[in-house]
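A short worksheet on the structure shown next.
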Amino acid sequence: MPDLGGGLAPAGGPQVLAVLQRLYATGNGKAETAGRQALIAMGLIDGRLPRDPKNQIVAYKPDDAAHYDPAQDFAGRSRPWHS
């Protein structure tokens with residue numbers, strides 16, 4: 001299960017990110033344009049993640065007043081193969 005504990009980056013970490021950045025650096029085809037846009041979006045999301053002084057992602061802590069009721073059978077009703 002992926003998480004954002006290390007930030008938002010492509011699978012494979014910084015090395016794969018560097019390869020993808022070079023791969024999509026030039027060209028105006030659909031693949032190059034989409035690749036650049038995806039990498040830019042990932043960078044924007046990663047830049048918004050809260051970090052501590054050691055640059056580690058700060059874990060989400062809900063407000064003390066937050067209450068998350070279980071979904072009960074909501075998901076089951078939305079799947080027609082469950083009765």
Side-chain angles (χ1 to χ4, degrees):
M1 171 74 75
D3 63 41
L4 297 176
L8 182 63
Q15 296 86 1
V16 172
L17 177 60
V19 168
L20 292 173
Q21 287 171 331
R22 289 182 65 192
L23 178 66
Y24 298 126
T26 60
N28 291 319
K30 290 181 180 181
E32 294 90 356
T33 301
R36 282 192 299 272
Q37 290 173 342
L39 293 174
I40 289 168
M42 290 175 72
L44 291 172
I45 293 168
D46 185 69
R48 300 283 314 247
L49 296 173
R51 297 179 187 267
D52 66 16
K54 294 181 180 180
N55 205 33
Q56 299 296 311
I57 303 297
V58 176
Y60 170 74
K61 182 187 177 304
D63 185 89
D64 290 336
H67 181 69
Y68 297 100
D69 289 325
Q72 296 178 7
D73 194 32
F74 176 75
R77 288 191 305 261
S78 66
R79 295 178 283 180
W81 58 89
H82 287 268
S83 45

- Query: So, for Glu32 and Tyr24, which heavy atoms are closest and what is the spacing to 0.1 Å?
  - Reply: CA-CD2, 3.8 Å
- Query: Is the CG atom of Asn28 crowded by more than 12 outside heavy atoms at less than 6.0 Å?
  - Reply: no
- Query: What is the distance from atom CZ of Arg36 to atom CG of Leu39, rounded to the nearest 0.5 Å?
  - Reply: 10.0 Å
- Heavy-atom closest pair, residues Leu49 and Leu8: CD1-N, 4.0 Å
- Note on the structure: Scanning both residues in full, the closest heavy-atom pair of Arg51 with Val58 reads C-CG2, 3.5 Å
- Query: Any idea which heavy atoms bring Gly7 and Asp46 closest together, and the distance?
  - Reply: CA-OD1, 3.1 Å
- Transitive ILVMFWY side-chain link Ile45 to Ile40, under 4.5 Å: no
